K.L.:
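Encoded as structure tokens, here's the structure I'll be asking about.
These figures come from a predicted structure and were not determined experimentally. Numbers here simply count residues along the sequence, with the first being 1.
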Amino acid sequence: MNFTLRQLRAFCMVAEHASFSRAGDELNLSQPAVSRTVRELEQALELRLLDRTTREVALTSTGARLLPKLRRALAELDEVLDETRKEGEQALGSVHVASSPTLSASLMPAIVAACRERYPQLGLSLHDQVQRLNVAAVRGGEVDFGLVVEPEDCEDLEQETVLTDDFWLVCPADHRLAARERVAWRQLDGEALVLLDGSSGSRPLIDRLLREHGLDCPVAQQMGHSHSVFRMVAAGIGVSVSPGLAMPLPEGCGLTARPLVPRAGRRIVLIRRRKRTLSPAAERVWCLVLEMRKLLETLAPAA
């Protein structure tokens, strides 16, 4: 059978008013259009639903049995569609966002708070994990989108830049470079480094910058979290190249941070699957983060 929602609604309206013309007024259709629409439904069903005379329109026995069932079905459909529309308007539902520990600590609190204020009925779930897992979660549809360091391979991902996070030198306060207002990359040559490990989105960028500046810097330790990196530096294991959003430095640790020049940083981006539509709630959170770019920029120390 091939019939349309318009045909079903037209039949119900004619049955309710016992008139094609009055049904047409309700549906904003001409009387002939309503008559043709109901006739097409009867042809699709191969059943007569209405008896027509010059004086009246009456339900057949088949039409009378169909009408209450059809009214209930259309009412349920209208309810479902109305709930869907309200979900879009009011940002109802759950949104899952992937973010690395550094970004979860520095940027996501402001984003979660703003989301709660604007969309109190929306549930925002944060997936706090390393970069590799975040990108995989977006690609696999486990989360709606991610806030990550710019991924190396992202042809299948749509991305929007949120901010640029500069790299800084972190060293003990009595280190030879600590007295400088700014530190040139070339001045790191020969320094032992304590860096985030390969699970961090920043590490490939740092390695590339070291190569571009022709630096010979042995990596003394690789850690999974910035706090661990800073403790190693404080213990004299080496100095570190750290993203600004990993700071502030632990209180009383005896470390200092100096901007590296020429300025270099990492792009913090929103990523989502290309050519995939977000839920209305997720789309609203995505747009909210983009609206907050200027505020979020203030959370990253500027070199």
K.L.:
Got a second to check how far Glu191's CD is from Cys171's SG, nearest 0.5 Å?
P.N.:
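Between atom CD of Glu191 and atom SG of Cys171 there are 8.5 Å.
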K.L.:
Below 4.5 Å, heavy atoms only, C-beta onward: do Leu124 and Tyr119 meet side chain to side chain?
P.N.:
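No; the side chains remain at least 4.5 Å from each other.
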K.L.:
Does the side chain of Gln159 come under 3.5 Å of the side chain of Arg267 through a donor N or O and an acceptor N or O?
P.N.:
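A pair is found: one side chain offers a donor N or O, the other an acceptor, under 3.5 Å apart.
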K.L.:
At what distance, to the nearest 0.5 angstrom, does CD1 of Ile111 lie from CG of Leu296?
P.N.:
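Answer rounded to 0.5 Å: 5.0 Å.
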K.L.:
With the threshold set at 4.0 Å, does a side-chain nitrogen-carboxylate oxygen contact exist between Asp78 and Arg9?
P.N.:
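Salt bridge between Asp78 and Arg9, a charged N being under 4.0 Å from a carboxylate O: yes.
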K.L.:
Should the pair Arg72-Glu76 be classified as a salt bridge under the 4.0 Å nitrogen-to-oxygen rule?
P.N.:
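Judged by the 4.0 Å cut-off on N to carboxylate O distance, Arg72 and Glu76 do not form a salt bridge.
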K.L.:
Is any side-chain N of the basic residue among Asp207 and Arg211 closer than 4.0 Å to the acidic one's carboxylate O?
P.N.:
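Arg211 and Asp207: not salt-bridged.
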K.L.:
How about Leu210 and Leu193: do any of their side-chain heavy atoms sit closer than 4.5 Å?
P.N.:
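Sidechains of Leu193 and Leu210: in contact.
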K.L.:
Got a donor-acceptor contact below 3.5 angstrom from the Ser200 side chain to the Leu196 backbone?
P.N.:
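Flag not set: sc Ser200 to bb Leu196 has no pair under 3.5 Å.
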K.L.:
Do the side chains of Asp156 and Arg273 get close enough for a salt bridge, i.e. N-O under 4.0 angstrom?
P.N.:
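Salt bridge between Asp156 and Arg273, a charged N being under 4.0 Å from a carboxylate O: no.
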K.L.:
Are the side chain of Arg293 and the backbone of Leu290 linked by a donor-acceptor contact shorter than 3.5 Å?
P.N.:
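Yes, the answer is positive, given that a donor and an acceptor are paired below the 3.5 Å cut-off.
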K.L.:
Taking side chain as C-beta onward, heavy atoms only, is His127 less than 4.5 Å from Ser99?
P.N.:
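No, their side chains stay 4.5 Å or more apart.
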K.L.:
What is the minimum heavy-atom distance between Ser226 and Thr102, and which atoms define it?
P.N.:
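Shortest heavy-atom separation between Ser226 and Thr102 comes out as OG-OG1, 3.9 Å.
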K.L.:
Between Trp168 and Arg258, is there a cation-pi geometry (under 6.0 Å to ring centre, at most 45° from the normal)?
P.N.:
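No, cation not above the ring by the 6.0 Å, 45° rule.
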K.L.:
Less than 3.5 Å apart, any donor N or O on the side chain of His213 or Gln187 sitting next to an acceptor on the other?
P.N.:
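No, no side-chain donor-acceptor contact under 3.5 Å.
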K.L.:
Regarding Asp166 and Arg263, does a basic nitrogen lie under 4.0 Å from an acidic carboxylate oxygen?
P.N.:
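Salt bridge between Asp166 and Arg263, a charged N being under 4.0 Å from a carboxylate O: yes.
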K.L.:
Can a salt bridge be assigned to the pair Glu291 and Arg118 using a cut-off of 4.0 Å between side-chain N and carboxylate O?
P.N.:
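Looking at Arg118 together with Glu291, the answer is yes, because their closest N to O distance falls below 4.0 Å.
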K.L.:
Is it the case that Thr60 and Arg48 place a side-chain donor and acceptor less than 3.5 Å from each other?
P.N.:
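No pair is found: no donor N or O on one side chain lies under 3.5 Å from an acceptor on the other.
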K.L.:
Is Glu42 paired with Arg52 through a side-chain N to carboxylate O contact shorter than 4.0 Å?
P.N.:
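Salt bridge flag = yes for Glu42 with Arg52.
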K.L.:
With distance as the sole test, does Glu26 use its side chain to make a donor-acceptor pair with the main-chain N or O of Ala23 at under 3.5 Å?
P.N.:
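Flag not set: sc Glu26 to bb Ala23 has no pair under 3.5 Å.
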K.L.:
Looking at Asp189, is its backbone amide N or carbonyl O close enough to the side chain of Asp216 to form a donor-acceptor pair, meaning the two atoms are under 3.5 Å apart?
P.N.:
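Between the backbone of Asp189 and the side chain of Asp216 there is no qualifying donor-acceptor contact (under 3.5 Å).
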K.L.:
Quick one: are Val239 and Val170 in side-chain contact, heavy atoms under 4.5 Å?
P.N.:
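A side-chain contact is absent here, since even the closest heavy-atom pair is not under 4.5 Å.
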